[in-house]
Amino acid sequence: MGDFANRVFAVVRRIPRGKVATYGQVGRLIGAPRGARYVGYALHANPEPGTEPGCVPCHRVVFKDGRMATGFAFGGPDEQRKMLVAEGVGFDEEGRVLMDAFQWDGRSDGAGTESEPSGPPPDFDWKAELGE
DNA sequence: AATGTGACCCTCT
DNA sequence: GAGAGGGCCACAT
């Protein structure tokens with residue numbers, strides 16, 4: 001696979017347990033603001049999905065609305081939701097993730113304010129992650 | 001080399 | 001406020 005997908009995996013692996021990230025956010029982190037669509041495409045080639053560290057927790061990647069990819073998941077949206085709930089992610093009555101409280105910052109997991117900055121995306125150091 | 005596809009997001013009407 | 005359309009990315013054929 002290409003390096004792009006590799007970056008996607010690196011970023012997704014960086015998502016801490018109990019947090020979720022949006023496709024668009026991941027896309028911006030890897031340097032593809034309009035390539036969010038390919039994020040899911042890359043995750044489709046996910047080599048090792050799972051909750052354990054070292055794997056690619058694609059279940060922690062959801063829509064910006066907090067909704068998850070319906071129609072395709074490693075067991076259906078229901079299973080994915082259960083996995084997220086098991087990790088401590090909160091859902092609302094509509095079955096969407098509470099992005100205001102569980103959206104990953106992209107850099108640290110302790111920050112409570114998960115407001116996506118309007119400015120430029122932060123520089124992510126995937127080179128170190130990929131072992132460059 | 002060109003065309004088609006895809007787990008999306010933003011903007012306009 | 002809701003719906004429709006466009007766009008750009010990388011990968012596969």
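Proteins come first, then strands; the chains are lettered A, B, ... in the order of their sequence lines, and each starts at number 1. Just so we're clear, the structure is a prediction, and the values are computed from it rather than from any experiment.
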So do the side chains of L43(A) and V61(A) get within less than 4.5 Å of each other, counting heavy atoms only? yes
What is the per-nucleotide protein-contact pattern of nucleotides 8-13 of chain B, from the 5' end, where B denotes a base atom under 4.0 Å from a protein heavy atom, S denotes such proximity for sugar-phosphate atoms only, and - denotes neither? SSS---
Which residues share a ring pair (Phe, Tyr, Trp, His ring centres under 6.0 Å) with Y23(A), sequence neighbours left out: F63(A)
Output all residues satisfying side-chain contact (heavy atoms from CB on, under 4.5 Å) with A32(A), sequence neighbours left out; order by chain, then residue number. F4(A), I30(A)
Could you give the start and end, 5' to 3', of the contact zone on DNA chain C for chain A, using atoms under 4.0 Å from its heavy atoms? dG7(C) to dC11(C)
Please report, to 0.1 Å, the donor-acceptor pairs under 3.5 Å made by any side chain of residues 82-95 of chain A, with sequence neighbours excluded.
unit_1	atom_1	unit_2	atom_2	d
E87(A)	OE1	R60(A)	NE	2.8
E87(A)	OE1	R60(A)	NH2	3.4
E87(A)	OE2	H59(A)	NE2	2.9
E87(A)	OE2	R60(A)	NE	3.3
E87(A)	OE2	R60(A)	NH2	2.9
D92(A)	OD1	E94(A)	N	3.3
D92(A)	OD1	G95(A)	N	3.0
D92(A)	OD1	R96(A)	N	2.5
E94(A)	OE1	R96(A)	NE	3.2
E94(A)	OE1	R96(A)	NH2	3.2

Rounded to the nearest angstrom, tell me the gap between atom CE in M68(A) and atom C1' in dA7(B). 12 Å
Expressed in angstrom and rounded to an integer, what is the separation of L43(A) atom CG from dT5(B) atom P? 21 Å
Side chains of T51(A) and P57(A): does their closest heavy-atom pair fall under 4.5 Å? no
Expected output: side-chain Q25(A) to main-chain V20(A) donor-acceptor under 3.5 Å: no
Please examine the side chains of Q103(A) and K19(A), heavy atoms only from C-beta on, and report whether any two atoms are closer than 4.5 Å. no
Would you mind reporting whether W104(A) and L29(A) have side-chain heavy atoms less than 4.5 Å apart? yes
